[in-house]
Amino acid sequence: MAALRKGLLTRALSRGIKPGICTNIIGARAASGAPQGMLPGPYPKTPEERAAAAKKYNMTLEDYRPHPDDGCGYGDYPMLPDKSQHERDPWYQWDHPDLRRNWGEPIHWDFDMYIRNRVDTSPSPVDWRTMCKHLFGFFGFMMLMFGLGEMYPSYQPVAPKQYPYNDLYLERGGDPDKEPEPPKHYEI
Amino acid sequence: MHLTTLILSSSLILVIAILIYPLLTTLNPNPQDQKWAITHVKTSVKAAFLMSLLPLMIFLDQGAETMFTNWHWMNTAPFDMMSFKFDHYSIIFTPIALYVTWSILEFASWYMHSDPLMNRFFKYLLLFLVAMILLVTANNMFQLFIGWEGVGIMSFLLIGWWYGRADANTAALQAVLYNRVGDIGLIMAMAWLAMNLNSWEIQQIFFLSKNFDMTLPLIGLILAATGKSAQFGLHPWLPSAMEGPTPVSALLHSSTMVVAGIFLLIRLHPLMENNNTALTTCLCLGALTTLFTAACALTQNDIKKIVAFSTSSQLGLMMVTIGLNQPQLAFLHICTHAFFKAMLFLCSGSIIHSLNDEQDIRKMGGLNLMPMTSTCLTIGSLALTGTPFLAGFFSKDAIIEALNTSHLNAWALILTLIATSFTAVYSFRVVYFVTMGTPRFLPLSPINENNPSVINPIKRLAWGSIIAGLIITSNFLPSKTPIMSMPLTLKLAALLVTIIGLLTALELTAMTNKQFKITPTIPPHHFSNMLGYFPAIIHRLTPKLNLSLGQSIATQLIDQTWFEATGPKGVSSLQVKMAKTVSDAQQGMIKTYLTIFLLTTTIAILLTMI
């Protein structure tokens, strides 16, 4: 009680530099309150900065490669190969099996695009150009043929209605005194 | 109130109430009975089916249809909430849907018996069924939309039933996203109707639409049907949906949910009758779908995928029928298709479980120990191909005859005939690989058909597959005059192309004795096996473009634009550009400038003197 009044607990919990009691027990920590050395920083220009950045991101110096410094704001974040989680071994005992990732592994800049529910970059049995050519070629061919089919539709042959004898000459307003021409009847 | 109408309305409300009752019991805080799924859900669906036979009999005897509105929404007259229309479409479809669901629930009590959450599974299926019944009995677009979204969401929950599996999550997401694209069309149609016709009631829409150009809402409705009924362009979700348990595939993705899009078009068909653009769109889209998905089905090795593509192909055929201005034939095909497709799925499920969850047809074969299942698989495949006098024949043959004798796009006709022969090919492929030849499964597979929960549903659906076509055609007059006189070739066209397909398939199976290569390497095989490369291209390209665009806009582009390009960097680059242009102009040739200046001044003065 007295400790509470003195604010000791609050101070103990709000200390950001040293890990608190919770971290010792659970091992998990919030993304906020990270010490300055753990946050992403500016583009590493000197070899010492590169080494420090590689250590920060838990990579070896040979593997570490930052994004090019072209003003897009990547800083010293590592540029990992653009491979999605689909390409990782499905049978290996990952720490996080659904993410196919081990604890502490550096996360790709676009990791949310490369999870198993989204973009798959694994090599396809047929190469990309052939696939596009075949699919769009098929679709284009179909559209062309549908256009031709509209121009030349299919239908059963039809003819105007024919009546026997003189094809209703009088009923159609023919002159009763004139001799009607013999009508030509067609057969389908 | 007249006695007939009273009985009709009461029994139909009772059907819905019987279906809703088990859902209400789940709100009880006390823990459920272990056998709740069987004692409550299956029994209620069976009771609802028997109850729904009464309106069907009244309709058959007297041709009585009814419409009633239960719940007016405030005082806005044309916008009601619950308005039921029991015309011949819903009176026939409701008993069929309930019969098929009853069989599937009984099967599911065996298939899912080892699942600890079986009660929840049944609850989801029942909720889906209620949404579907609301959809088919809707008399206004609002209730139809409620049912439409309801079946979409339940499809998502049921496909992702085994949610620990990433592939199932992806499939469920695909289903809901593709359906959402279709929903854009439905919402656009509803908005147009509300704005221009000021009503969502179906009768009022039919009456008021005579003076309007309905092309825009019809395109919206066709888009909705494309999404829900897996037509070409929005079709990949249907084969992916096979990640869900087999009862889900049997109920949702063959008999009921996927026909909702076609049913929407059938319901609102009077709007389309005189609009040639909409009819041609339906015809061409349906023809393309039916051929494309039948071609994809030819080289699949997963039994459920083959049946899924078969469903997609038949949905394309239904769309073709709508494009021919024959909604009743499309509805007939919906009804007959429900029976044999659900049976094909149940047989697949029985075989899969008996072979210890083996789904590859290359590892099945010689299933003599499952005589009932393999027989019913064969009956279902025969009905699917349109074998004379089974259920599929009455609808499919009528459709092909209507195709042959109508004035339509010639290429659509050719595609549909080719797809019909492909149907025979892949159906025979399924039957050959699954039931015939020597066994290719593991020796100690627990093959048995001893449980009546498996056999009775399959038998019931087999009866339906055999006699449903005959019963429905005998009792319901067509509203559009069918053409009865045509040359013999056209009359037999469906049978001829099916036999050609069967002979081709037999010829190909004779080649399976010799092994040419380990895996096929010819391009057409790759095109067919990889589903026309459609998922491979679209599911990699569009999400990647959208997500990386979104990412770069959100994190980089906005800051770079507002802090740099419209600020200091923009100003400086503009200045540099202007400075360069101006300094190019300023060459410092003073004498030339003075000469030109003098010349121009002289000419101007001389001009004023003239």
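Numbered from 1 within each chain, the chains take letters A, B, ... in sequence-line order.
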key: Region of Thr542(B) in contact with chain A, defined by heavy-atom distances below 4.5 Å   = neither

task = Check each atom of Ser406(B) against the heavy atoms of chain A and say whether the ones under 4.5 Å are side chain, backbone, both or neither.
result = backbone

ask   = Would Asp127(A) and Arg129(A) pass as an ion pair if we require N to O under 4.0 Å?
value = no

query = Checking side-chain contact (heavy atoms from CB on, under 4.5 Å) for the pair Glu105(A)/Asp95(A): CA distance, chi angles, key distance, verdict?
reply = CA-CA 10 Å; Glu105(A) 222 180 285; Asp95(A) 291 341; over 6 Å; no

ask   = Leu557(B) versus chain A, heavy atoms under 4.5 Å apart: side chain, backbone, both or neither?
value = neither

task = Can you tell which part of Ile537(B) gets under 4.5 Å to a heavy atom of chain A, answering side chain, backbone, both or neither?
result = both

ask   = Taking NZ, NE, NH1 and NH2 as the nitrogens, is one of them in Arg540(B) or Asp120(A) under 4.0 Å from a carboxylate oxygen of the other?
value = yes

task = Might you work through the side chain to side chain donor-acceptor pair (under 3.5 Å) test for Glu49(A) and Tyr43(A), ending with a clear yes or no?
result = CA-CA 9 Å; Glu49(A) 285 180 3; Tyr43(A) 183 80; over 6 Å; no

inquiry  = Is a donor from one side chain sitting under 3.5 angstrom from an acceptor on the other, for Asp76(A) and Tyr64(A)?
reply    = no

query = So what's closer than 4.5 Å to chain B heavy atoms on Arg116(A): side chain, backbone, both or neither?
reply = both

Contact class of Phe527(B) relative to chain A, heavy atoms under 4.5 angstrom = side chain

request  = Name the region of Trp128(A), side chain, backbone, both or neither, that has any atom closer than 4.5 Å to a heavy atom of chain B.
outcome  = side chain

ask   = Does a sphere of radius 6.0 Å around CE in Met484(B) hold more than 12 heavy atoms from other residues, nucleotides or ligands, not counting ones at 6.0 Å or beyond?
value = no

query = Relative to chain A, which segment of Met530(B) carries a heavy atom at a distance below 4.5 Å: side chain, backbone, both, or neither?
reply = side chain

query = Checking heavy atoms, do the side chain of Phe138(A), its backbone, both or neither come under 4.5 Å from chain B?
reply = side chain

message = Given heavy-atom pairs under 4.5 angstrom as the criterion, report whether the side chain, backbone, both or neither of Leu490(B) touches chain A.
response = side chain

query = Considering only heavy atoms, which portion of Asp559(B) lies under 4.5 Å from any heavy atom of chain A: side chain, backbone, both, or neither?
reply = neither

ask   = Do Ile483(B) and Glu401(B) have side chains that get closer than 4.5 Å, going by heavy atoms?
value = no

message = What I'd like to find out is whether the side chain of Tyr74(A) reaches to under 4.5 Å of the side chain of Gln556(B), using heavy atoms alone.
response = yes

